[in-house]
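Report on the structure given below.
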Amino acid sequence: MADTRIDRLQVTGPALDRTDEILPPAALEFVAKLDDAFAGRRRELLDARRRRRERLDSGEESLGFLPETRGIRADESWQVAPPAPGLEDRRVEITGPTDRKMTVNALNSGAKVWLADFEDATAPTWHNVVAGQRNLYDAIRRDIDFTDRGKRYAIGDEPATIVARPRGWHLVEKHIRIDGRPVSASLVDFGLYLFHNARQLLARGSGPYFYLPKLESHHEARLWNDVFRFAQDELGIPRGTIRATVLIETITAAFEMDEILYELREHAAGLNAGRWDYIFSLIKTFASHGADFVLPDRAQVTMTVPFMRAYTELLVRTCHRRGAHAIGGMAAFIPSRDPEVNATALEKVREDKQREAGDGFDGSWVAHPGLVPVCREVFDEVLGGWPNQLGKLREDVTVTAQDLLDVAGAGGEVTEQGVRSNISVALRYVDSWLRGTGAAALFGLMEDAATAEIARCQVWQWLRHGTKLPDGTAITRERVVEWLDEEFEASRAEVGDGNRLADAREIFVETALGEKLPSFLTTGAYARYLTTS
C-alpha cells in the first residue's frame with residue numbers, strides 16, 4: 001500500500017469472511033479517487049439542502065417550478081438515452097436487501113428487475129455492507145446458493161436484471177475513513193459495486209445499473225452524472241454504460257423531474273414514485289406551515305389522494321415525454337396463510353397495479369415474490385406484446401404547483417388506532433433495524449426505513465399542531481407517552497428476548513416527541529445504537 005491515497009484511507013470495520021476479496025487495495029484506491037474528486041461538492045450540496053429547507057420552513061422561499069430552468073422544461077428536443085440491455089421491459093420489479101437468501105429468491109422470482117438495496121431495506125451494519133457486496137459479486141458470477149431446511153437453492157436460467165441502490169448522499173460509511181473522516185456511503189456502495197462487477201455485467205450482456213435515492217435537486221443529479229463519467233473513465237468503460245433510475249421521493253425533487261432527467265440524460269433510465277419517503281419529505285419541508293399540511297392516518301394517505309395523484313401523473317408524463325421509464329410504487333403486502341386475508345389483500349394489490357398500468361406506468365414494485373404474478377398479470381393485460389408504455393405520452397395531464405401541494409385535499413382523519421399503529425410499527429421496525437435487519441415483516445406488510453420515518457414524523461406533526469381525534473380529544477405529549485408505554489409493553493411481550501425495544505423507544509422519544517424533526521438515521525441515536533458486527 002505504497003500509494004498515498006491508500007495510506008490516507010483506513011478501514012476500521014472488523015475482518016469478515018472474504019473482506020480482502022471485497023476490499024482489495026485496488027478497490028479502496030478507486031473509492032479514494034471518487035472521494036478526492038467529489039467529497040467537497042457533496043458537502044456543499046448538503047449545506048445547500050439545509051439552507052433551502054430552512055428558507056422553506058420559515059416561509060422565506062416558496063416551493064414551485066424553477067424559473068431559471070424553464071428553458072429545459074420547455075425544450076421538446078432532448079431525450080434520455082435509449083433503454084439499456086435488460087432494462088427494456090420493467091413490468092415487475094422486486095425490491096429487497098442484499099442478504100444471500102433474498103439475492104437468490106429475488107433473482108428467481110420471475111420479476112424483470114431486482115432492486116438490490118443497500119439503502120432503506122438494509123440496516124447499514126459493517127457486516128451487511130460487506131456481505132451485500134460479496135453476495136452481488138457472487139450472484140453476477142452465477143456462484144451463489146443457500147440451503148433452507150435441507151433444500152439447496154441456486155440462481156435459475158433467467159434471473160432478474162440487477163439494479164443496485166446505494167445509500168443516499170446524506171449518509172456516510174463510518175468504517176471507511178480518509179484523513180480521519182468517514183467516506184460518503186453513496187460513493188462506497190456505488191464504487192465497490194462498479195469496480196467489481198461492471199465488466200462482468202457487460203460480458204453477460206447487461207450493465208451496471210443503479211437506483212438513486214433521496215435526491216432533492218437537479219444539482220444533486222448533476223453530481224451523480226459527473227461521478228458516473230469519472231468512474232467510467234477510470235475503469236476504461238464507455239460513457240453511458242451506467243444507467244440510473246431516480247426515485248422521486250422528496251417534495252423538492254417533484255418540482256424538478258425534467259431537470260433531473262436532463263442532468264442525467266446520457267445515463268438516465270427513468271424515475272420511480274417512492275411513496276413513504278415522499279410523504280415524510282413533505283411533512284419535514286412544511287413542518288411549520290400550519291394545519292393545511294397535516295396529514296391523516298398513514299393508511300388513509302393512498303396513491304389516489306389529490307396531491308399523490310398529481311405527483312404520479314406528472315411523473316408518467318415527464319418520463320414518457322423524455323423517453324424514460326416511469327416505475328410505480330411499492331406493493332408491500334406479504335402473502336398470508338389465511339386465504340380470506342390473502343384474497344382481500346391481493347385484490348387491493350391488483351387494483352393498485354391496474355391504476356398504475358392504466359395511468360401509463362411501465363412497471364411497478366413488489367416487496368415479496370408472492371406478489372410477482374399478480375403484478376405481472378396486470379401489466380401483461382395492458383402491455384400485450386409491448387415491453388413498455390413509452391408511447392403513452394399523457395399529454396392530457398397538466399399539473400400545477402398548487403396540485404402538488406394540495407395536502408388539505410387528502411381529507412381523512414387522525415384516529416387513536418392510527419397513532420397507536422404508527423407507534424407500534426416504529427418501535428418494532430427500529431428494534432429490527434438495530435439488530436441488523438432492515439426489511440421487517442410487520443402486521444402483514446414488508447416495512448423498511450421509510451416506514452419508521454413516516455410513522456414517527458406523523459406523530460411529531462400531530463403533536464406539534466394539537467391535532468384532534470374524531471371525538472374532539474387533542475393529541476398531547478402526555479397521551480402519546482401513555483400510548484407509547486402501552487405499545488412498548490405489547491411489543492415486548494411479542495418480540496421476546498434479545499430485542500432492542502428499549503433503544504427503539506429512546507429513539508422514538510428523541511425523534512418524535514422533541515421540538516425538531518430529525519431523521520432517526522442521522523441523530524445521536526444513530527451513532528449510539530447502530531450495530532457494527
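Since the model is a prediction, treat every value here as computed from it, not as a measurement.
- Exactly one residue among R53, R51, R50 makes a salt bridge (Lys or Arg N to Asp or Glu O under 4.0 Å) with E216. That residue is R53.
- The minimum heavy-atom distance linking D189 with Q133 is given by the pair O-NE2, 3.1 Å.
- Counting heavy atoms from C-beta outward, H196 and L136 have side chains that stay 4.5 Å or more apart.
- With salt bridges taken as basic N to acidic carboxylate O contacts below 4.0 Å, none links E266 and R239.
- Shown here are the ring pair (Phe, Tyr, Trp, His ring centres under 6.0 Å) partners of F286, two or more places apart in sequence or in another chain: H289, F293.
- Applying the side chain to side chain donor-acceptor pair (under 3.5 Å) test to residues at least two apart or on different chains, the pairs with a partner in residues 82-92 are D89-R91, R90-E93, R90-Y211, R90-T245, R91-D380.
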What side-chain donor-acceptor pairs closer than 3.5 Å can you find for residues 197-204, not counting sequence neighbours?
| unit_1 | atom_1 | unit_2 | atom_2 | d |
| --- | --- | --- | --- | --- |
| N197 | OD1 | R141 | NH1 | 2.9 |
| N197 | ND2 | Y193 | O | 3.1 |
| R199 | NH2 | L235 | O | 2.3 |
| R204 | NE | I140 | O | 2.7 |

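- Annotation for A116 and I162: closest pair CB-CG2, 4.1 Å, computed over non-hydrogen atoms.
- Residue pairs meeting the side chain to side chain donor-acceptor pair (under 3.5 Å) criterion with at least one partner in residues 272-283, sequence neighbours excluded, are K214-D277.
- The cationic atom of R265 (NZ for Lys, CZ for Arg) lies less than 6.0 Å from the six-membered ring centre of Y262 and within 45° of the ring axis.
- For E158, the CD atom is loosely surrounded, since the number of other residues' heavy atoms within 6.0 Å does not exceed 12.
- The two residues A154 and N108 have their closest heavy-atom pair at O-ND2, 2.8 Å.
- Between F38 and F230, the ring-plane angle classifies as perpendicular under the 30° and 60° cut-offs.
- Within the model, atoms CG of D258 and OG1 of T69 stand 8.5 Å from one another, a figure rounded to the nearest 0.5 Å.
- Every side-chain contact (heavy atoms from CB on, under 4.5 Å) that A253 has, sequence neighbours left out, goes to I248, T250, I260.
- We find that R49 and E220 are joined by a salt bridge, their nearest charged nitrogen and carboxylate oxygen being less than 4.0 Å apart.
- Checked against ring pair (Phe, Tyr, Trp, His ring centres under 6.0 Å), F228 has the following partners two or more places apart in sequence or in another chain: F190, W224, H267.
- Ion pair R181/D35 flagged as a salt bridge, since at least one NZ, NE, NH1 or NH2 atom sits closer than 4.0 Å to an Asp/Glu carboxylate oxygen.
- Closest non-hydrogen pair, C319 versus L261, comes out as CA-CD1, 4.3 Å.
- A side-chain donor-acceptor contact under 3.5 Å links T511 to the backbone of I507.
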